[in-house]
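Read through the structure below, which is laid out as structure tokens, and then see the notes.
Just so we're clear, the structure is a prediction, and the values are computed from it rather than from any experiment. Remember, it's 1-based here, ligands and their atoms both numbered in the order they're listed. Computed over heavy atoms, backbone and side chain alike; hydrogens, waters and symmetry mates excluded.
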Amino acid sequence: METSVEPGHDFETIRNSIVRKFLTANGEFISGEMLSQQLGVTRTAIWKHINVLESLGFQFESTHRRGYQLVHIPDILLEPLVKPHLSSEISLGDNILYFPEVDSTNLIAQKMIHNGAKHGTIVCAGAQTGGKGRRGRAWFAPQGGLWMSIIARHPFPLARAAELTLLASVGIRRAIYQQTGIEVQIKWPNDLLLNGKKICGILAEIRADGENVHHAVIGIGINTNIPYAMYPSELTELATSILIESGDRVANVLLTGKILNELDPLFSGLVLGESGFKDVHEEWKQGCSTIGQRIKIQTARELLTGVAVDVDVSGILYLRKDNGMTIRIHSGDILFR
Ligand code: BTN
């Protein structure tokens, strides 16, 4: 399937309308003739769309006289599947684009911003071939995980940019709990861990105009339904999935709905200047497994060792070094081993 970055282009709009028709038909047959009349496209076009939907995992029964009956809905982040789970009060998810496979949803989102995509547009993928992690690292993103990027286009002070990913970690942690009952741990600044291994990473890419963030792409990768056998051996010590740890599959569609419902008010509060990380600081700390631990941390300049004694309301980590001195660290990477 083509990976056009034009929001709402015809192909996607018609495909989503077809899915909506089937969702509201409650398992009844719909004829190709009726779909073609109602959507103003040819029967051949409808047939092609049905074929594409089948390639995405939808299953239809079809009979010559009665048309098509939807018998299986895949767990993919297609707009008509995700939207029914979004609160009517939120603007994140107004426009959702799904690609079965892309290089990186963050890259697609950047291109879409260039083409005028609206605030709240979400770019999702079934798999990524060039997933981007923090500090230029690659991000393993095969089928089964939850891969999405949120486009945020409301300006807010650059000085508060770090709060975006801290808030995201809180919102995603809440959503995972609501969906699975699992309490994941936060590793400073915003990784989510399950049983000590990484299950979620957040990559915010920001463009600033002077003192203000002009736009941001917040990329979220959650290892939901990735089986152990799929992991390359170099990752098995560091990363895991919810499926591996709990034995249960997670409904990506439902989890995405919960994440967007949680993140929308957190991000709006930041942008409007009404709230921010300070308001969820206690909750973040309760979920954080870093505080109190002896850690090794790689900053842009050096590798430091010590005890993480606190994280303040700005997200700054306080590290007590072995010489007894406590230093403030704004950004860095805590090494796993
Ligand atoms: C990290 O290194 O911890 C951040 C990983 C972020 C991965 C997500 S997956 C969706 C989005 N698209 C990307 O290419 N990266 C982010």
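- In this structure, Leu243 and Thr224 have side chains that are not in contact, with every pair of non-hydrogen atoms separated by 4.5 Å or more.
- With a 4.0 Å cut-off on non-hydrogen atoms, Ile220 touches ligand 1 through its backbone and not its side chain.
- Atom numbering of ligand 1 starts at 1 in the shown order; those under 4.0 Å from a heavy atom of Thr105 are 10 (C), 11 (C), 12 (N).
- Under a 4.0 Å criterion applied to the non-hydrogen atoms of Asn106, ligand 1 contributes the atoms 11 (C), 12 (N), 16 (C).
- Atom 2 (O) of ligand 1 has its closest protein heavy atom at Arg134 N, 2.7 Å.
- If you look at Phe29 and Tyr68, their ring centroids are not closer than 6.0 Å.
- Less than 4.0 angstrom separates some heavy atom of Gly221 from each of these atoms of ligand 1: 8 (C), 9 (S).
- Near Ser104, with a cut-off below 4.0 Å to any heavy atom, the atoms of ligand 1 are 12 (N), 13 (C), 14 (O).
- Between Thr305 and Lys321 there is no side-chain heavy-atom pair separated by less than 4.5 Å.
- When all heavy atoms of Trp139 and Gly221 are compared, the closest pair comes out as CZ2-O, 3.7 Å.
- By the 4.0 Å N-to-carboxylate-O rule, Glu283 lies close enough to Arg174 to be salt-bridged with it.
- In this structure, Arg135 does not count as a contact residue of ligand 1, since none of its heavy atoms falls inside 4.0 Å of the ligand.
- Any N or O atom pair closer than 3.5 Å counts here, and Arg137 shares no such pair with ligand 1.
- By the 4.5 Å heavy-atom criterion applied to side chains, Lys21 and Leu35 are counted as neighbours.
- Remark: minimum distance from atom 5 (C) of ligand 1 to any protein heavy atom is reached at Trp139 CE3, 3.3 Å.
- Ligand 1 has Met148 within reach: a non-hydrogen atom of the residue lies less than 4.0 Å from it.
- Looking at atom 9 (S) of ligand 1, its nearest protein heavy atom turns out to be Gln128 NE2, 3.3 Å.
- In this structure Tyr177 satisfies the side chain to side chain donor-acceptor pair (under 3.5 Å) test with no other residue, sequence neighbours excluded.
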For residues 160-168, dump all side-chain donor-acceptor pairs below 3.5 Å to protein atoms at least two apart in sequence or in another chain.
| unit_1 | atom_1 | unit_2 | atom_2 | d |
| --- | --- | --- | --- | --- |
| Arg160 | NE | Glu163 | OE2 | 2.9 |
| Arg160 | NH2 | Glu163 | OE1 | 3.1 |
| Arg160 | NH2 | Ser275 | O | 3.2 |
| Glu163 | OE1 | Phe277 | N | 2.8 |
| Thr165 | OG1 | Ala162 | O | 3.3 |
| Thr165 | OG1 | Asn190 | ND2 | 2.9 |

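- Here's the thing with Lys132: one of its N/O atoms is less than 3.5 angstrom from an N/O atom of ligand 1.
- Per-residue contacts place Gly131 under 4.0 angstrom from the following atoms of ligand 1 (heavy atoms of the residue considered): 14 (O).
- Within the listing of ligand 1, atoms 3 (O) sit less than 4.0 angstrom from a heavy atom of Asp191.
- The closest approach between a heavy atom of Ala141 and any atom of ligand 1 is not below 4.0 Å.
- Lys198 NZ, 2.6 Å is the protein heavy atom nearest to atom 3 (O) of ligand 1.
- Glu262 and Gln178 form a side-chain donor-acceptor contact under 3.5 Å, judged by distance and modelled atom types alone.
- Note on Arg294 versus Asp322: salt bridge recorded, some NZ/NE/NH1/NH2 to OD/OE distance being below 4.0 Å.
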